Amino acid sequence: MARIFCIGRNYAEHVRELSNVVPQKPVVFMKPMSCLVKPGEPIRFPGHGSDFQHEVEVVIRIGKPGRVERKEDALSWIDAVTVGLDLTLRDVQDELKKRGLPWEKAKAFDQSAPIGEFVSCHGGIDLKGIAFSCRVNGVERQCGSTGDMIFSFETLLVELSAIWALQRGDLVYTGTPSGVGPLAVGDTVEIHGEGIGTFSWKIVA
Ligand code: ZN
């Protein structure tokens, strides 16, 4: 069964804005597939926290099973790409981090993974320079490029698949650039990926 892998701390400016340390190895956590939300579906403000934040991320989809032994082969595992949101309850995460506890309550709750529509990688999209952004109520909050990732797609797939043999349909949320910030009831959050599309969700009570 396919899984959702998420990469933390993969853009240097975002690492700095949360006062974290640039990691030596990718930071990995997971969300269940039940967290996915299709474009346009209303997202309920979660009841177990208050600082509900957007993290726009490029999401890759795995097209074949196995372990990636060599970086040179890694991109052949990716069959499609889109943008998504790694929705995070930052107040809950800060409390869990302080106490050394797992992050699921802050990161893997229902509707925490809005996802755009996938675009095939075989249409010539340049994975190394995808520009992507996030707007809230029409105001830009985040923008980035996959060219700025600390760990490239190739490195991520080698590192992930050394631990979890990849499965067809696995998704990888590949980290967020700086500018993460709060969402409120009534907000519309819109994300865009160049060559991919624009997708939006409304936050409801
Ligand atoms: Zn994230």
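Order of appearance sets the numbers: ligands from 1, and atoms from 1 within every ligand. Only a predicted model underlies this, so the values are computations on that prediction, with no experimental measurement involved.
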Going by atom type alone, with no hydrogens or angles, which donor-acceptor pairs under 3.5 Å involve a side-chain atom of residues 153-162 and a protein atom two or more places apart or on another chain?
from	atom 1	to	atom 2	distance (Å)
Glu154	OE1	Ser152	OG	3.4
Glu154	OE2	Lys128	NZ	2.4
Thr155	OG1	Lys71	NZ	3.3
Thr155	OG1	Ser152	OG	3.1
Glu159	OE1	Lys25	NZ	3.2
Glu159	OE2	Lys25	NZ	3.2
Ser161	OG	Val68	N	2.8
Ser161	OG	Leu157	O	2.8

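- In this view, Glu104 satisfies the side-chain hydrogen bond (donor to acceptor under 3.5 Å, both in side chains) rule with no residue, not counting sequence neighbours.
- No side-chain donor-acceptor contact under 3.5 Å links Asp187 to the backbone of Val136.
- Between the side chain of His48 and the backbone N or O of Lys105 there is at least one donor-acceptor pair closer than 3.5 Å.
- Residues Thr174 and Val59 have side chains not in contact (no heavy-atom distance under 4.5 Å, counting atoms from C-beta outward).
- Note on the Zn ion (ligand 1): protein N, O or S atoms under 2.8 Å away count 3, no waters included.
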Would you tabulate the side-chain donor-acceptor contacts of residues 31-39 under 3.5 Å, counting partners in other chains and residues two or more places apart, or write 'none'?
from	atom 1	to	atom 2	distance (Å)
Lys31	NZ	Asp86	OD1	2.7
Lys31	NZ	Leu87	O	3.4
Lys31	NZ	Lys107	O	2.7
Lys31	NZ	Ser112	O	2.9

